[in-house]
Amino acid sequence: QLQLVESGGGLVQPGGSLRLSCAASGFTLDHYGIGWFRQAPGKEREGISCSSSSGSATLYADSVKGRFTVSRDNGKDTVLLQMDNLKPEDTAVYYCAADRGGLCGFSWRSIPYDYWGQGTQVTVSS
């Protein structure tokens with residue numbers, strides 16, 4: 001079965017850090033662009049970051065710029081989202097999505113991703 005699996009979510013205090021991982025089952029990520037999205041209760045899904053298949057192109061939403069960093073660990077075939085200086089408003093279910101087009105361009109939020117993960121909960125609270 002082809003699927004994405006996110007991990008690394010949890011409960012953290014404001015100002016803390018978490019690192020999310022996105023791994024593939026049944027295929028490899030090295031030719032896929034990866035988007036990271038989140039959805040808080042009662043809110044629309046928000047695109048927060050993308051990474052091209054090579055990792056050379058990355059984009060961030062203004063809400064996370066300077067605090068979140070996306071990277072690729074090709075040795076482990078995973079894409080990482082390092083989240084620092086977390087705020088209560090970062091609380092959401094976080095999803096990764098894979099696009100076989102491999103790009104991270106201006107339309108990255110709206111392209112039809114080929115695979116989605118099941119999501120991992122991130123809660124920022126004291």
Side-chain angles (χ1 to χ4, degrees):
Q1 185 176 2
L2 306 179
Q3 61 181 353
L4 291 176
V5 179
E6 302 98 338
S7 61
L11 173 64
V12 64
Q13 292 186 343
S17 297
L18 283 174
R19 187 173 70 176
L20 304 185
S21 295
C22 176
S25 174
F27 66 105
T28 59
L29 292 178
D30 53 348
H31 296 300
Y32 285 80
I34 297 296
W36 283 97
F37 297 80
R38 67 185 181 186
Q39 189 164 22
K43 295 188 177 181
E44 292 188 355
R45 187 176 66 194
E46 176 188 16
I48 57 173
S49 182
C50 70
S51 168
S52 63
S53 57
S54 66
S56 61
T58 57
L59 292 171
Y60 299 92
D62 288 344
S63 58
V64 305
K65 197 174 296 182
R67 300 186 299 121
F68 290 13
T69 305
V70 62
S71 61
R72 304 185 77 110
D73 185 341
N74 289 329
K76 296 182 179 179
D77 197 31
T78 59
V79 179
L80 306 174
L81 184 68
Q82 178 68 39
M83 307 187 297
D84 298 317
N85 191 21
L86 283 161
K87 304 175 181 181
E89 52 263 42
D90 293 319
T91 295
V93 178
Y94 284 70
Y95 301 88
C96 63
D99 164 48
R100 61 169 55 97
L103 302 177
C104 173
F106 73 97
S107 61
W108 68 273
R109 288 182 176 88
S110 59
I111 60 173
Y113 285 85
D114 299 285
Y115 302 102
W116 286 84
Q118 83 290 347
T120 185
Q121 176 69 47
V122 171
T123 302
V124 185
S125 174
S126 55

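- One hydrophobic cluster, built from ILVMFWY side chains closer than 4.5 Å, holds both Val12 and Val64.
- For the pair Val122 and Met83, the tightest heavy-atom approach, listed with the atom from each and the gap, is CG2-CE, 3.8 Å.
- Judged by distance alone, with hydrogens and angles left aside, the side-chain atoms of Glu6 form no donor-acceptor pair with the main-chain N or O of Thr120 at under 3.5 Å.
- For the pair Ser25 and Gln3, the minimum side-chain heavy-atom distance is below 4.5 Å.
- Once rounded to the nearest 0.5 Å, the distance linking OG1 of Thr78 with CG of Leu81 reads 12.0 Å.
- Cluster membership for Tyr60 and Leu86, using ILVMFWY side-chain heavy atoms within less than 4.5 angstrom, is shared.
- Side-chain contact between Trp36 and Leu20: present, with at least one pair of heavy atoms (C-beta onward) separated by less than 4.5 Å.
- Here Arg67 does not pair with Asp84 in a salt bridge; the nearest charged N to carboxylate O distance is not below 4.0 Å.
- Both the sub-6.0 Å distance and the 45° axial angle are satisfied by Arg45 relative to the ring of Phe37.
- At a threshold of 4.5 Å between non-hydrogen side-chain atoms, the residues Phe68 and Ile48 count as touching.
- Using a 3.5 Å distance cut-off with no hydrogens or angles, the side chains of Ser63 and Glu46 do pair a donor with an acceptor.
- The shortest side-chain heavy-atom distance between Asp99 and Trp108 does not fall under the 4.5 Å cut-off.
- Note that the CG atom of Asp77 and the OG atom of Ser21 stand 11.5 Å from one another [nearest 0.5 Å].
- Tyr113 and Tyr95 have their aromatic ring centers separated by at least 6.0 angstrom.
- By the criterion of side-chain heavy atoms lying less than 4.5 angstrom apart, applied directly or through intervening Ile, Leu, Val, Met, Phe, Trp or Tyr residues, Phe106 is not grouped with Leu59; the two fall into different hydrophobic clusters.
- For Arg19, the CZ atom sits in a loose shell: 12 or fewer heavy atoms of surrounding residues, nucleotides or ligands are nearer than 6.0 Å.
- With contacts defined as side-chain heavy-atom distances shorter than 4.5 Å, the pair Ser71/Gln82 does not qualify.
- Checking side-chain atoms of Thr91 against main-chain N and O of Val124 turns up a donor-acceptor pair under 3.5 Å.
- Residues Val70 and Leu80 fail the side-chain proximity criterion, which asks for heavy atoms closer than 4.5 Å.
- Note that the SG atom of Cys96 and the CD1 atom of Ile34 stand 6.0 Å from one another [nearest 0.5 Å].
- Annotation for Ser126 and Pro14: closest pair N-CD, 3.7 Å, computed over non-hydrogen atoms.
- Using a 4.0 Å cut-off between charged nitrogen and carboxylate oxygen, Asp90 and Arg38 count as a salt-bridge pair.
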Test side-chain contact (heavy atoms from CB on, under 4.5 Å) applied to Val79 and Tyr32, step by step: CA-CA 10 Å; Val79 179; Tyr32 285 80; over 6 Å; no
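- No donor-acceptor pair under 3.5 Å is formed between the side chain of Ser52 and the backbone N or O of Cys104.
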Ser125/Thr123 under side-chain hydrogen bond (donor to acceptor under 3.5 Å, both in side chains): CA gap, chis, key distance, verdict: CA-CA 6 Å; Ser125 174; Thr123 302; over 6 Å; no
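- A distance of 10.5 Å separates SG in Cys22 from CH2 in Trp116, rounded to the nearest 0.5 Å.
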Test side-chain contact (heavy atoms from CB on, under 4.5 Å) applied to Phe27 and Asp114, step by step: CA-CA 12 Å; Phe27 66 105; Asp114 299 285; over 6 Å; no
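- If you take CG on Leu29 and CZ on Arg72, they are separated by 6.0 Å, rounding to the nearest 0.5 Å.
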